[in-house]
2 protein chains.
Amino acid sequence: MSDLLERLRGRGWRMTAQRRVVAEVLNGDHVHLTADEVHAKAIAKLPEISRATVYNTLGEMVTLGEVIEVATDGRAKRYDPNAHRPHHHLVCARCGAIRDVHPTGNPLADLPDQERFGFTVSEVEVTYRGLCPHCAAA
Amino acid sequence: MSDLLERLRGRGWRMTAQRRVVAEVLNGDHVHLTADEVHAKAIAKLPEISRATVYNTLGEMVTLGEVIEVATDGRAKRYDPNAHRPHHHLVCARCGAIRDVHPTGNPLADLPDQERFGFTVSEVEVTYRGLCPHCAAA
DNA sequence: CGCTTGACTTAGACATTGTCCATTGTAGGA
DNA sequence: TCCTACAATGGACAATGTCTAAGTCAAGCG
Ligand SMILES: [Mn+2]
Ligand SMILES: [Mn+2]
Ligand SMILES: [Zn+2]
Ligand SMILES: [Zn+2]
């Protein structure tokens with residue numbers, strides 16, 4: 001079952017049906033759902049779950065570092081349960097499909113000092129864009 | 001004056017006071033304003049300019065490739081007049097300050113074939129995050 | 001077990017960001 | 001100067017996200 005759920009239990013969370021369902025919906029690989037997509041899938045399992053609870057629960061998971069917020073387009077944020085293995089994203093410009101990718105090399109090392117403007121740089125986020133096999137064929 | 005304005009004129013744009021003002025507001029380096037920030041600055045020069053016109057004009061500039069849309073946070077898109085020199089971004093996680101940066105190396109080359117899942121990858125976008133000198137001092 | 005209580009959920013109002021449309025205005029050529 | 005196609009405007013609407021007041025319930029305790 002859900003690793004995510006186990007970790008949350010271990011953090012002293014009160015276990016409610018709503019939180020269980022949100023965690024279940026987020027289970028899996030290459031999962032990058034918007035809050036409203038999570039809500040829709042959650043409703044299928046627990047019809048009375050509210051939008052506010054989905055937003056609250058996702059926000060808490062992010063705060064705990066168990067879920068990552070990803071903003072690949074200028075639209076809705078996406079929620080990514082793959083929080084414990086650093087990775088980047090490959091996005092289809094046409095259909096929006098998103099895959100986790102693990103580039104070689106360290107982009108942080110590619111930013112020279114004189115390009116840092118005195119910033120303390122701690123993090124880097126890489127988004128590759130292109131066409132997925134299906135969209136490229138069309 | 002505005003290079004941007006010159007290029008737009010060259011593309012056969014009808015020159016209106018509104019378009020002139022939007023182009024003026026976007027003039028400069030390291031400029032990454034939201035649509036509503038552009039609107040606020042535009043109003044200071046031309047009080048009757050409407051929000052819809054600012055959105056329209058920005059959208060047209062993006063379509064023409066004279067301005068880039070940047071989505072560094074999950075909030076409002078930002079509009080970047082630096083469209084003719086490829087670059088990436090360095091963002092202060094605290095105050096939101098954004099600088100253009102030019103990393104060495106090519107991140108596209110760092111994505112191995114087996115990490116491409118059959119995608120045709122054409123573009124890569126890198127966002128560095130950290131603290132600007134001012135925020136790091138506080 | 002069945003209370004108690006503070007944490008959780010809910011519905012819906014509200015905020016922000018962005019899009020669309022019908023109407024009015026005007027830049028630029030004839 | 002006049003015409004007209006293109007542009008600007010205000011406001012309705014849509015999508016996403018935040019907040020609050022009131023009701024509900026998980027879980028620790030007697
Ligand atoms: Mn991911
Ligand atoms: Mn830029
Ligand atoms: Zn696709
Ligand atoms: Zn800062």
Side-chain angles (χ1 to χ4, degrees), chain A residues 5-6 8-25 32-64 66-80 96, chain B residues 5-6 8-26 32-64 66-80 96 98:
Chain A
L5 203 54
E6 285 310 310
L8 294 173
R9 196 193 308 276
R11 287 175 187 267
W13 260 28
R14 185 176 287 188
M15 246 338 119
T16 67
Q18 291 84 350
R19 287 171 168 179
R20 226 183 307 269
V21 164
V22 170
E24 277 171 19
V25 166
H32 306 91
L33 298 168
T34 67
D36 277 337
E37 285 167 355
V38 172
H39 187 215
K41 285 176 184 286
I43 278 181
K45 297 169 182 258
L46 184 69
E48 69 272 25
I49 190 173
S50 75
R51 224 167 58 94
T53 293
V54 171
Y55 273 97
N56 287 341
T57 305
L58 291 172
E60 290 157 0
M61 288 171 172
V62 169
T63 297
L64 292 178
E66 296 293 347
V67 164
I68 291 170
E69 263 176 359
V70 180
T72 48
D73 50 5
R75 316 291 304 267
K77 287 178 201 159
R78 292 180 174 275
Y79 292 88
D80 183 345
Chain B
L5 203 55
E6 285 310 310
L8 294 173
R9 195 193 309 277
R11 288 174 186 270
W13 258 28
R14 184 177 289 189
M15 242 343 112
T16 68
Q18 291 82 353
R19 285 171 170 180
R20 226 183 308 269
V21 163
V22 170
E24 276 170 20
V25 166
L26 283 181
H32 305 92
L33 298 167
T34 66
D36 278 337
E37 284 166 355
V38 171
H39 187 216
K41 285 176 183 286
I43 278 180
K45 296 168 182 258
L46 185 70
E48 69 272 24
I49 190 172
S50 74
R51 224 167 57 96
T53 293
V54 171
Y55 273 97
N56 286 342
T57 305
L58 291 172
E60 290 156 1
M61 288 172 170
V62 169
T63 298
L64 292 178
E66 296 293 347
V67 164
I68 292 171
E69 263 177 357
V70 181
T72 47
D73 52 1
R75 314 290 304 269
K77 287 178 200 161
R78 294 180 173 275
Y79 293 87
D80 183 345
I98 304 178

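Letters A, B, ... mirror the listed sequences (proteins, then strands); counts begin at 1.
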Trainee: Answer yes or no: does a side-chain N or O of B:Y55 lie under 4.0 Å from OP1 or OP2 of C:dG18?
Mentor: yes
Trainee: Could you check B:A76 against B:M15 and say which one's nearest nucleotide on DNA chain C is further toward the 5' end?
Mentor: B:A76
Trainee: B:R78 has an atom CZ; how far is it from atom C1' of C:dT16, in whole Å?
Mentor: 13 Å
Trainee: Counting distance alone, no hydrogens or angles: does the base of D:dC6 have a donor or acceptor under 3.5 Å from a partner atom on the side chain of B:R14?
Mentor: yes
Trainee: Measure the distance from CH2 on A:W13 to C1' on D:dA27 and round it to the nearest whole Å.
Mentor: 17 Å
Trainee: Using OP1 and OP2 only, check whether a side-chain N or O of A:R75 sits under 4.0 Å from D:dA15.
Mentor: no
Trainee: Base, sugar-phosphate, or nothing: which does B:A52 touch, judged by heavy atoms less than 4.0 Å apart?
Mentor: base
Trainee: In whole angstrom, give the distance that lies between atom NZ of A:K77 and atom P of C:dG18.
Mentor: 13 Å
Trainee: Indicate whether OP1 or OP2 belonging to C:dT9 is found under 4.0 Å from a side-chain N or O atom of A:T16.
Mentor: yes
Trainee: Is there a side-chain contact between A:Q18 and the phosphate of D:dC25, meaning an N or O under 4.0 Å from OP1 or OP2?
Mentor: no
Trainee: Take the protein atom CG of B:N56 and the nucleotide atom C1' of C:dA22, then report the distance between them rounded to whole Å.
Mentor: 14 Å
Trainee: Only one of A:T53, A:I49, A:L58, A:L33 clears side-chain contact (heavy atoms from CB on, under 4.5 Å) with A:H39; which?
Mentor: A:I49
Trainee: Would you kindly give the CG-to-P distance between B:L58 and C:dT17, to the nearest whole Å?
Mentor: 14 Å
Trainee: Measure from CD on B:E48 to C1' on D:dG11 and round the result to the nearest Å.
Mentor: 18 Å
Trainee: Would you indicate whether the side-chain heavy atoms of B:T57 and B:M61 approach each other to under 4.5 Å?
Mentor: yes
Trainee: Give a yes or no answer on whether the side chain of A:R78 reaches the backbone of A:T72 with a donor-acceptor pair at less than 3.5 Å.
Mentor: no
Trainee: Is the side chain of B:R9 donor-acceptor paired with the backbone N or O of B:M15 at a distance under 3.5 Å, no angle test?
Mentor: no
Trainee: Given atom CD of A:E69 and atom C1' of D:dT18, what is their separation to the nearest angstrom?
Mentor: 13 Å
Trainee: When you get a sec, tell me which of D:dG10, C:dG28, C:dG18 is the closest nucleotide to the side chain of B:A35?
Mentor: C:dG18
Trainee: Less than 3.5 Å between a donor and an acceptor, one on the side chain of B:R51 and one on the base of D:dG10, is that the case here?
Mentor: no
Trainee: Evaluate A:K45 against A:V25 for side-chain contact (heavy atoms from CB on, under 4.5 Å), listing each step before the verdict.
Mentor: CA-CA 9 Å; A:K45 297 169 182 258; A:V25 166; 4.3 Å; yes
Trainee: So what does A:T53 hit on the nucleic acid, given a heavy-atom distance under 4.0 Å: a base, only sugar-phosphate, or nothing?
Mentor: base
Trainee: Could you state the CG-P distance from B:L46 to D:dT9, rounded to the nearest angstrom?
Mentor: 7 Å
